Peer 1: 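My questions all concern the structure below.
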Amino acid sequence: MRLLLASVLLAATALPSFAADGKLVLYTSQPNTDAQQTVDAFKAANPGVEVEWVRDGTPKILAKLRAEIEAGQPQPDLLLIADVVTMEGLEQEGRLMAYPEAKVEGIDPALIDKDKTYFSTKLITTGIVYNTNAPMKPTSWADLTKPEAKGQVVMPSPLTSGAAMIHTVTLTNNLSEGWDFYSALAENGAQASGGNGDVLKAVSGGDKLYGMIVDFMPMREKAKGAPVEFVFPSEGVSAVTEPVAILSTAKNPDAAKAFVDFVLSEEGQKLAVSQGYIPVREDAGLPAGYPERSTIKVLNYDAAEALKNDMANKEKFTDVMAQ
Amino acid sequence: MRPRPGAVLGRVWGDWTPVILVLLLIGILSILPMARLLLTALAPGGALDLSGFFERLTSSSTQRATWHTLDTAFLGAVVAMAIGGPFAVAIAMTDLPGRKPLGFLILLPLMIAPQVTALSWLHLFGPSSTLLGMFGLAPPPGTPNPVLGRNGIILLYGVQHAPIVFVTLRAGLSRIPGDLVEAARASGSTQLRTLLTIVLPLMRPYLIAAAALAFVSGVGNFGIPALLGMPVNYLTLPTLIYQRMSSFGPGVLPQMASLSVLIAALALTGVALQGLAMRDGGARYAGGKPAFFELGSWRIGLAAFAWAVIAAILVLPTLALLTTAFVPAFGVPLTLETATLGNFAEVLTRQASTIRAFRNSILLSGSAAMLLALGVVPVALVLQRFSRRRQRLLQGAIDLPYAVPGIVLAIACILLFLRPLPVIGSLYATAAIILVAYLMRFFTLAMKPVTTAVNQIPADLTEAAASAGAGPLRRLVTIVVPMVAPAAFAGALLVFMSAFNELTVSALLWSSGNETLGVVLFSLEEAGLGTQAAAIAVASIAVVVAMLAVLDRFSAKLPGGVLPWR
């Protein structure tokens with residue numbers, strides 16, 4: 001009997017506990033093509049794992065998750081969404097699983113949550129995109145309120161995009177005009193709707209000439225030949241860090257941990273660079289078309305404050321932009 | 001009294017069991033979701049709260065969306081009448097050359113998903129139009145796309161719902177007795193005058209019904225305002241519900257239930273109007289040779305005009321969609337060097353979610369079609385045993401989930417199945433919730449052809465079989481089933497096509513692994529990958545055209561009136 005028990009124990013420990021397998025469900029706000037590439041690269045490194053992913057804007061992914069939580073069956077193991085504020089909220093509700101052993105060496109500690117529940121994977125700034133046929137070359141946020149841009153500005157809505165929420169909070173905190181900047185935009189006929197993808201479509205298609213947008217989209221489309229140009233405005237840019245986190249209800253935590261390690265690894269970070277993102281690991285380099293990291297002026301914002309006022313900010317935004 | 005074919009079931013299962021089962025089925029699929037919705041809208045906390053209900057309906061965004069809905073649906077119906085009306089007259093009662101193909105082509109917009117129609121028109125106009133760009137006709141950058149917003153929505157409601165007007169009016173026109181027209185002509189009235197003073201007044205019930213149906217379809221449409229209105233913040237009630245629900249989650253369910261009741265009421269008012277107009281339309285005059293007009297020297301000119309209209313509403317948008325599907329990125333001109341199959345490769349072979357969506361849509365629509373085709377035969381047989389009045393009432397209940405906008409049914413399903421239920425648990429975030437919603441919504445589509453077929457089975461046949469000694473089950477299998485099988489098959493194909501094209505229901509019900517084709521198209525478009533969305537749209541049009549070809553092949557075996565273009 002004792003022999004049997006011992007052999008069972010031995011067999012159990014002999015199983016390679018680190019090799020992740022099974023099914024993994026990922027909810028992400030990455031554009032579809034990027035999500036598929038990230039998943040493909042992860043699967044190549046972890047052949048045993050099947051990944052099923054869902055993409056939508058961060059607020060919408062969250063709304064879906066909340067409905068599933070209410071139904072008693074949260075589906076995802078993992079979240080890879082735009083901003084840390086949303087993650088902070090989930091952490092406070094106890095929805096995230098800590099992963100203290102995550103392989104974070106080489107990453108700026110300032111970018112890592114102290115409880116190790118979520119991990120920044122990139123730096124995504126929001127600046128200005130313009131159609132290269134446009135008469136004006138904007139260089140600052142203030143340019144978007146000029147008469148030349150009347151009726152030609154488009155921006156993502158915080159109801160759809162997590163990056164747009166952070167962007168709104170950052171600009172209203174940092175620009176001396178505060179919310180008046182958005183009132184001026186609204187008066188100038190600026191339109192806020194949909195996500196960053198809609199902005200890209202409108203500006204590269206020429207429906208609008210100027211837009212607020214995350215950096216990698218126009219950088220990438222420009223490389224493909226689309227008539228767009230990205231600008232880091234002189235006042236500075238807002239930034240999100242696209243954190244990844246494991247849910248406390250994850251059905252496959254081992255595979256989820258492997259995914260977290262993968263996106264933070266050198267290989268995962270190089271993939272992000274090839275997709276046109278600024279990586280969190282400085283040793284992974286920079287994608288073509290970006291200026292040196294030190295020359296990008298990132299504006300600060302108060303995450304705790306942003307979390308507390310999330311709903312009020314959304315309402316204020318829809319109010320000002322007359323949505 | 002002659003035994004009706006349905007009576008055979010009674011003898012197999014006893015008299016009451018089938019009746020109770022059928023009533024239960026109709027109760028669960030048709031009445032339960034609507035009742036649940038009303039309950040949450042009117043009494044969210046369990047107690048009746050009418051002031052809360054009205055308060056939720058008077059917010060400024062709701063009022064604006066209500067006005068947008070009424071405005072676009074009404075003017076859209078006007079446009080649909082302007083397109084569908086002349087086509088109905090030309091095809092039902094004139095010697096216009098090429099009537100048959102024209103009659104088929106004018107129906108196509110109805111078979112194509114609204115979101116696909118909207119996408120193709122988006123690519124037809126605007127500075128980014130690949131098609132216009134090829135001819136140097138694209139407007140300069142900075143010009144807003146003219147189909148975005150109110151005018152585009154009205155135009156596309158008109159195009160999308162012109163077939164409904166066409167089918168309804170053609171049915172009426174074919175019943176107008178030729179004698180009346182001949183009498184008028186013999187007394188010296190011109191053809192145009194005869195049309196206006198004899199035909200038009202007789203057509204009044206059909207005109208009202210056609211306009212009401214087009215209006216109702218506009219009220220409930222989601223694909224068109226989602227693609228043309230949401231990007232410029234022009235929200236109708238269905239898109240307002242979608243936007244709030246998808247951005248705020250289950251916390252706003254009571255508000256959404258109230259809004260749902262509001263659009264359901266708008267839609268059902270239209271349906272009631274249509275029912276009222278048609279109540280005794282057509283029964284008053286004798287048949288005979290249908291009325292007919294000769295176009296004379298106008299024939300060729302009018303035919304050319306009709307083909308030009310078809311080209312404008314069907315061919316050009318499809319070309320625009322095709323050209324967009326072949327460029328690598330939005331705004332890149334299409335030339336021999338830039339043309340690529342990359343978008344098709346991406347959505348058909350590379351992206352797991354789009355491949356899955358094709359599979360899911362085929363599986364979900366296929367299962368719904370099969371379950372309904374098998375299920376409606378016994379239901380139709382049992383319904384025959386009810387009195388006329390009760391049959392109409394039950395048919396009305398079955399129509400309900402189809403008559404209300406799809407988004408309303410989606411909200412009702414979330415309310416029903418979000419919280420875990422005993423035995424089945426929560427259906428939310430499973431494929432089952434979409435399947436159940438499809439069964440509810442398309443029940444009536446499968447039911448109509450089968451009911452027609454069952455009513456046409458002559459009682460003599462079953463009587464003869466009975467006197468020859470065939471038992472009830474044998475009569476069911478050897479007489480009834482073979483006679484209704486073609487109708488059940490046609491119903492199944494109609495269900496399949498509708499479910500395969502739909503976005504409205506699954507937009508709120510999909511979950512990871514259970515995406516439908518409509519959902520991925522919408523999501524790609526929202527993610528800025530318009531060229532890939534175009535590739536999906538092209539692929540889905542190909543599937544629909546293939547289905548139509550199968551259905552048409554099969555048409556000789558079907559009872560009349562099942563296929564709208566026959």
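All values below come from the heavy atoms of this structure, side chains included, with hydrogens, waters and symmetry mates left out. Per chain, numbering begins at 1; letters A, B, ... match sequence-line order. Just so it is clear, the model here is predicted, and its values are computed rather than measured.
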Peer 1: Based on non-hydrogen pairs under 4.5 Å, which of A/A71, A/G225, A/G197 is most in contact with chain B?
Peer 2: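 Max contact count across the listed options: A/A71.
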Peer 1: Pick one of side chain, backbone, both or neither for B/V232, based on which atoms fall under 4.5 Å of a heavy atom in chain A.
Peer 2: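 Both parts, heavy atoms under 4.5 Å.
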Peer 1: Looking only at atom types and distance, does a side-chain atom of A/E70 sit under 3.5 Å from a main-chain N or O of B/G251, one as donor and one as acceptor?
Peer 2: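 Side chain of A/E70 to backbone of B/G251, a donor-acceptor pair under 3.5 Å: no, none is there.
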Peer 1: Report yes or no: does A/K64 contribute a side-chain atom to a donor-acceptor pair with the main-chain N or O of B/W510 at less than 3.5 Å?
Peer 2: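 Looks like yes, one N/O pair under 3.5 Å.
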Peer 1: Inspect the surroundings of NZ in A/K137 and state if more than 12 heavy atoms from other residues, nucleotides or ligands are less than 6.0 Å away.
Peer 2: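 Buried by this count: over 12 neighbours within 6.0 Å.
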Peer 1: Do you know which two heavy atoms are closest between B/P250 and A/A63, and how far apart they sit?
Peer 2: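 Heavy atoms of B/P250 and A/A63 come nearest at CD-O, 3.9 Å.
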Peer 1: Mind ranking A/Q73, A/R66, A/M217, A/Q37 by heavy-atom pairs under 4.5 Å with chain B and telling me who comes out on top?
Peer 2: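 Max contact count across the listed options: A/Q73.
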Peer 1: In sequence, state the C-alpha distance, the side-chain angles, and the governing distance for A/K314 and B/F248, and then conclude on side-chain contact (heavy atoms from CB on, under 4.5 Å).
Peer 2: CA-CA 11 Å; A/K314 279 180 184 158; B/F248 293 109; 4.3 Å; yes
Peer 1: Between B/A352, B/G133, B/S129, who has the most heavy-atom pairs with chain A when the cutoff is under 4.5 Å?
Peer 2: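 Ranked by contacts with chain A, first place is B/A352.
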Peer 1: Are the side chains of A/D198 and B/M230 in contact, using a 4.5 Å heavy-atom criterion?
Peer 2: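 No. Closest side-chain heavy atoms not under 4.5 Å.
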Peer 1: For the atom pair CE (A/M321) and CG (B/N233), what is the distance rounded to the nearest 0.5 Å?
Peer 2: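 Here the interatomic distance stands at 8.5 Å.
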Peer 1: Quick check on B/L148 against chain A: is it the side chain, the backbone, both or neither that has a heavy atom closer than 4.5 Å?
Peer 2: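 For B/L148, the side chain is the part near chain A, not the backbone.
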Peer 1: Mind listing the closest non-hydrogen atom pair of B/L418 and A/A67 along with its distance?
Peer 2: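 Smallest interatomic distance, heavy atoms only, reads CD1-O, 3.2 Å.
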Peer 1: With rounding to the nearest 0.5 angstrom, report the CZ to OG1 distance, B/R350 to A/T33.
Peer 2: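 Rounded to the nearest 0.5 Å, the CZ-OG1 separation comes out at 9.5 Å.
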Peer 1: Return the CD1 to OG distance between A/I61 and B/S246, rounded to the nearest 0.5 Å.
Peer 2: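 Between atom CD1 of A/I61 and atom OG of B/S246 there are 11.0 Å.
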Peer 1: How many angstroms lie between OG in B/S512 and CD in A/E68, if you round to the nearest 0.5 Å?
Peer 2: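 Spacing of OG (B/S512) from CD (A/E68) equals 7.0 Å.
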Peer 1: Please classify the contact of A/Y27 with chain B as side chain, backbone, both or neither, using a heavy-atom distance under 4.5 Å.
Peer 2: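 For A/Y27, the side chain is the part near chain B, not the backbone.
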Peer 1: Within the side chain of B/Q351, is there an N or O that forms a donor-acceptor pair under 3.5 Å with the backbone of A/N32?
Peer 2: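 No; zero donor-acceptor contacts below 3.5 Å.
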Peer 1: Could you have a look at A/K208, A/E221, A/Q191, A/M311 and say which one has the most heavy-atom pairs with chain B under 4.5 angstrom?
Peer 2: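 The candidate making the most pairs under 4.5 Å is A/Q191.
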Peer 1: Can you find a pair of side-chain heavy atoms, one from B/P140 and one from A/N133, that are under 4.5 Å apart?
Peer 2: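 No, every pair of side-chain atoms sits at 4.5 Å or beyond.
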Peer 1: Which heavy atom of B/S353 sits nearest a heavy atom of A/Q36, and at what distance?
Peer 2: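 Answer, listing the atom of B/S353 first, then A/Q36: N-OE1, 4.4 Å.
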Peer 1: Give, for atom CZ of B/R356 and atom CD of A/E52, the distance between the pair rounded to the nearest 0.5 Å.
Peer 2: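 Going from the CZ atom of B/R356 to the CD atom of A/E52 covers 4.5 Å.
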Peer 1: To the nearest 0.5 Å, how far apart are OG1 in B/T143 and CD in A/Q152?
Peer 2: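 Result: 8.0 Å between the selected atoms.
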Peer 1: For chain A, which of B/S247, B/P144, B/G425 has the most heavy-atom pairs under 4.5 Å?
Peer 2: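 Among the listed options, the one with the most contacts to chain A is B/S247.
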Peer 1: If every non-hydrogen atom of B/P127 is compared with every non-hydrogen atom of A/D207, which pair is closest and at what distance?
Peer 2: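 Shortest heavy-atom separation between B/P127 and A/D207 comes out as CD-OD1, 3.1 Å.
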Peer 1: Identify which part of B/E515 has an atom lying under 4.5 Å from any heavy atom of chain A, answering side chain, backbone, both or neither.
Peer 2: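 The side chain, not the backbone.
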